[in-house]
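What follows is a single structure, written as structure tokens, with notes after it.
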Amino acid sequence: MDPAGARHVGAVEHAASIRPVPAGPVRVRMAPSPTGLLHVGGVRTFLFNWLYARGRGGECLLRIENTDTGREVAESVEQIQRSLTWLGIDWDGPVTFQLDRAARAREEAQRLVAEGAAYEDEGAIRIRMPDEGATGWDDAVKGRIEFPNEQLEDLVLVRSDGRPTYNFASPLEDWLDGITHVIRGDDHVSNTPKQIRVLGALGAQPPVYAHVPNVFGTDGKKLSKRHGAVSLDEFRADGYVPPALLNFLALLGWSFDDRTTVMSRDELVERFTLERVGTSPATFDYEKLRWLNGVYLRGMAPGEYPDTLVAYLRERGCDWDEQRIRAAAPLCQEKLATLGEFPAFAGFLFGPVEPGAEALEGAGRVLAEVAAALEAVEPFAAAGVEEALRSVCDRLGLKPRQAFQPIRVAVTGSKVSPGLFESIELLGRAETLARLEAAERAAT
RNA sequence: GCCCCCAUCGUCUAGCGGCCUAGGACACCGGCCUUUCAAGCCGGAGAUCGCGGGUUCGAAUCCCGCUGGGGGUACCA
């Protein structure tokens, strides 16, 4: 035998690994299981699918991998759709369900039995796997991967109760749906040779496989509750905005170059390639997401920010006066990293405050002087307020830094707040004076 | 056990043999600005490229081994 040929072990089984690059349009699929809320790690993978398809005029399907039907499934499915839509990820055609093709799966399995590629075993149907050689593929992100066929067992295609298994249903559907690229999590690598074999038995060409790295929590373990928010819903509730999350997620396992971080949805679509997807798992960095969210919040147009803020607060069940929220928005836009911080930061504009006595210590005089000065300010606006406050400082020989802090605490109830003058303007003369007087009493 | 994958600052990453005395970003530290907090600007610290062998004139980049982590090994997905 030709020694050169013998060395190419894979060649023996290449019938199963030949994978010409599909010539037609790209078609990918996002395949969540309806078992709960959408997990950010999974969403990141869906995002890669979506970016890939949208970037080359392809299609992106949404397929629910359900094995069990249950009442909750419908809710979960809706939840998934709502979350993806919120993020700005859409899909083509109707949502499909794996279970809907159970009958077709059984037919195909029977066909395989008839052809001798599969056999019945205790009521189940198993596929015959080769014992020698190897099954491999050229992964679009990881390169060539091969598994010795002796590792492949005769896997069950259809359970004895008639339901197809995942490793049968998934490749079958990929084939039926004309999926050209399967972009999925790293954890599916070892399923791939099995699925390639299934496809081969079915007489189908395998799609291009691209296994993208998983996303881990801060301890290097699987992302879970104790790391913080994990579902899209939680991030939404915390006040993260879609473009920021989308941008952040895209950077988990993918990069455009050595210096670009902030990218719009369109830029991501235009720039995303599987070639630039990395191979090692990424850790979800909440701090960086927070920073990026702030970047997007600050970058919003003057009209967009208040709208977004109001919508967020309403969604959260907050019934504060809309006009006031809008008026407060500009004071907060550049200071908040998430919308969720607004209530704590600007709440003093919507309800009573309880200044801590320590911060007011010895400030009775300043408070009284400021109250008196504010009586005369006309009109009662930021510029006039500032002028009044500064002249009190001059008169008492205090540095603004020293004098403004107790005033801030008296008026906002906190040492950290939006700009003092603007805050006072918004609060109005009557309320400001009342708070100043209350604080003055507490200070003495 | 066996099979497969992964391994660059704390984190996300750039790097695909010489451009690297390893670049950027978040976080961190210091300064400026300043009514607080942010933001912004300037500067700093931070990686013997997991370890050990090779290959090469030259390796973070290629090869082998090891270690560590992850995944699979189901009539789970």
Side-chain angles (χ1 to χ4, degrees), chain A residues 31-35 65-68 98 121-126 134 136 139 141-143 145-153 155-170 184-194 211 213-216 218 220-222 248 250-262 275-276 278-292 294-295 297-298 331-337 341 345 359 385-386 389-390 393 399-409 412 414-424:
Chain A
S33 50
T35 48
E65 309 236 301
N66 62 332
T67 342
D68 320 289
Q98 197 164 69
D121 173 39
E122 301 203 19
I125 296 177
R126 312 186 89 109
D139 198 277
V141 342
K142 300 172 101 81
I145 299 178
E146 284 189 3
F147 282 76
N149 285 335
E150 57 181 349
Q151 293 291 320
L152 271 30
E153 306 208 324
L155 65 89
V156 170
L157 265 24
V158 179
R159 300 178 174 90
S160 47
D161 68 2
R163 288 150 56 224
T165 60
Y166 165 76
N167 275 316
F168 181 48
S170 187
R184 65 200 343 183
D186 221 349
D187 47 328
H188 284 288
V189 168
S190 45
N191 285 327
T192 307
K194 305 173 193 173
H211 289 94
N214 284 124
V215 178
F216 290 117
T218 40
K221 299 259 179 66
K222 217 158 73 183
F248 176 77
L251 259 13
L252 246 33
W254 174 81
S255 65
F256 173 59
D257 59 18
D258 64 335
R259 56 193 62 251
T260 311
T261 301
V262 181
E275 290 68 47
R276 290 201 62 84
T279 50
S280 53
T283 300
F284 197 97
D285 184 353
Y286 291 87
E287 285 303 317
K288 189 163 184 174
L289 201 215
R290 207 180 125 69
W291 163 77
L292 194 54
V295 169
L297 251 23
R298 273 175 252 125
L331 313 194
C332 303
Q333 182 169 6
E334 67 171 12
K335 294 170 181 281
L336 304 183
E341 293 161 25
F345 192 67
V385 169
E386 175 168 7
L389 295 204
R390 289 196 188 280
C393 284
K399 295 262 186 208
R401 190 179 291 275
Q402 306 170 282
F404 292 174
Q405 200 59 352
I407 299 171
R408 181 187 311 283
V409 170
T412 72
S414 167
K415 286 189 257 191
V416 177
S417 79
L420 226 206
F421 321 127
E422 292 78 5
S423 293
I424 289 177

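Since the model is a prediction, treat every value here as computed from it, not as a measurement. Naming: A, B, ... by sequence-line order, numbering from 1 per chain.
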Polar-atom pairs under 3.5 Å, protein N or O versus N or O of nucleotides 62-65 of chain B: list them with distances, or write none.
none

How many whole angstroms separate atom [atom1] of [X] from atom [atom2] of [N]?
{"X": "A:Glu275", "N": "B:G15", "atom1": "CD", "atom2": "P", "value": "12 Å"}
{"X": "A:Lys194", "N": "B:C76", "atom1": "NZ", "atom2": "P", "value": "12 Å"}
{"X": "A:Arg163", "N": "B:A74", "atom1": "CZ", "atom2": "P", "value": "17 Å"}

For a quick check of understanding: with a heavy-atom distance under 4.0 Å over all strands, which category does [X] fall into, base, sugar-phosphate or nothing?
{"X": "A:Arg184", "result": "nothing"}
{"X": "A:Lys142", "result": "sugar-phosphate"}
{"X": "A:Leu251", "result": "sugar-phosphate"}
{"X": "A:Asn167", "result": "base"}
{"X": "A:Asn214", "result": "nothing"}
{"X": "A:Gly253", "result": "sugar-phosphate"}
{"X": "A:Glu122", "result": "base"}
{"X": "A:Ala124", "result": "base"}
{"X": "A:Ser417", "result": "base"}
{"X": "A:Glu334", "result": "base"}
{"X": "A:Phe284", "result": "nothing"}
{"X": "A:Leu336", "result": "nothing"}
{"X": "A:Thr279", "result": "sugar-phosphate"}
{"X": "A:Arg290", "result": "nothing"}

When the [atom1] atoms of [M] and [N] are compared, how many Å lie between them, rounded to an integer?
{"N": "B:A25", "M": "B:G1", "atom1": "P", "answer": "44 Å"}
{"N": "B:A22", "M": "B:G31", "atom1": "P", "answer": "28 Å"}
{"N": "B:G52", "M": "B:C3", "atom1": "P", "answer": "26 Å"}
{"N": "B:A39", "M": "B:C33", "atom1": "C1'", "answer": "11 Å"}
{"N": "B:A27", "M": "B:U21", "atom1": "C1'", "answer": "26 Å"}
{"N": "B:C51", "M": "B:C26", "atom1": "P", "answer": "28 Å"}
{"N": "B:G68", "M": "B:G46", "atom1": "C1'", "answer": "23 Å"}
{"N": "B:U67", "M": "B:G24", "atom1": "C1'", "answer": "31 Å"}

Atom of [X], atom of [Y] and distance for their closest heavy-atom approach:
{"X": "A:Arg184", "Y": "A:Ser170", "answer": "NH2-OG, 4.5 Å"}
{"X": "A:Ser190", "Y": "A:Phe147", "answer": "CA-CZ, 3.8 Å"}
{"X": "A:Phe248", "Y": "A:Asp285", "answer": "CZ-O, 3.4 Å"}
{"X": "A:Trp291", "Y": "A:Val262", "answer": "CH2-CG2, 4.4 Å"}
{"X": "A:Glu146", "Y": "A:Ala134", "answer": "OE1-CB, 4.0 Å"}
{"X": "A:Phe345", "Y": "A:Ser417", "answer": "CZ-C, 3.4 Å"}

So if I take every side-chain heavy atom of [X] and compare against [options], which nucleotide ends up nearest?
{"X": "A:Phe147", "options": "B:C12, B:C37, B:C3", "result": "B:C3"}
{"X": "A:Arg126", "options": "B:U35, B:C4, B:C75", "result": "B:C75"}
{"X": "A:Ser160", "options": "B:C37, B:C75, B:C12", "result": "B:C75"}
{"X": "A:Leu420", "options": "B:A74, B:A14, B:U35", "result": "B:U35"}
{"X": "A:Glu153", "options": "B:A74, B:C12, B:A77", "result": "B:A74"}
{"X": "A:Arg298", "options": "B:G40, B:C75, B:U36", "result": "B:G40"}
{"X": "A:Pro281", "options": "B:U36, B:U73, B:C6", "result": "B:C6"}

Looking at the base of [N], is there any donor atom on it, or on the side chain of [X], that sits under 3.5 Å from an acceptor on the other one?
{"X": "A:Arg408", "N": "B:U35", "answer": "yes"}
{"X": "A:Lys335", "N": "B:U36", "answer": "yes"}
{"X": "A:Thr283", "N": "B:C12", "answer": "no"}

Do A:Ser423 and A:Pro418 come close enough that some side-chain heavy atom pair is under 4.5 Å?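 In short, these two side chains touch, coming nearer than 4.5 Å.
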Is the shortest side-chain heavy-atom distance between A:Thr192 and A:Ile145 below 4.5 Å?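 SC-SC contact between A:Thr192 and A:Ile145 ruled out.
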Given the side-chain rings of A:Phe284 and A:Tyr286, with only the six-membered ring counted for Trp, is the space between their centroids under 6.0 Å?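 Yes, the ring centres sit under 6.0 Å apart.
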Where the side chain of A:Arg276 meets the backbone of A:Ser255, is there a donor-acceptor pair that is under 3.5 Å apart?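 Confirmed, A:Arg276 side chain pairs with A:Ser255 backbone.
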Assigned partner base of [N], Watson-Crick or wobble definition, under 3.5 Å:
{"N": "B:C41", "answer": "B:G31"}
{"N": "B:G1", "answer": "B:U73"}
{"N": "B:A22", "answer": "none"}
{"N": "B:A47", "answer": "none"}

Can you tell whether the side chains of A:Lys142 and A:Asp186 come within less than 4.0 Å, N to carboxylate O?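 Here A:Lys142 pairs with A:Asp186 in a salt bridge, since their nearest N and O are under 4.0 Å apart.
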Indicate yes or no: does A:Arg163 engage A:Asp161 in a salt bridge with an N to O separation below 4.0 Å.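 So A:Arg163 pairs with A:Asp161 through a salt bridge.
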With no hydrogens and no angle check, do the side chains of A:His211 and A:Thr279 hold a donor and an acceptor under 3.5 Å apart?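 No, no side-chain donor-acceptor contact under 3.5 Å.
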When you compare the side chains of A:Arg159 and A:Thr165, does any donor N or O come within less than 3.5 Å of an acceptor on the partner?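 Judged by distance alone, the side chains do not pair up.
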Report, one pair per line, the protein and nucleotides 23-29 of chain B atoms (nitrogen or oxygen only) whose separation is under 3.5 Å.
residue: B:G23; atom: O2'; partner: A:Arg259; partner atom: NH2; Å: 3.3
residue: B:G23; atom: N2; partner: A:Asp258; partner atom: O; Å: 3.1
residue: B:A25; atom: N3; partner: A:Lys288; partner atom: NZ; Å: 3.3
residue: B:C26; atom: O2'; partner: A:Lys288; partner atom: N; Å: 3.3

If you assign A:Pro213 and A:Arg401 each to the RNA chain B nucleotide with the nearest heavy atom, which residue ends up on the more 5' nucleotide?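 So the residue in question is A:Pro213.
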Along RNA chain B (nearest heavy atom to each residue), the more 5'-positioned of A:Gln151 and A:Pro400: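 Closer to the 5' end of RNA chain B: A:Gln151.
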N/O (side chain, A:Ser255) to phosphate O (OP1/OP2, B:A14) under 4.0 Å: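 Indeed, a polar side-chain atom of A:Ser255 lies that close.
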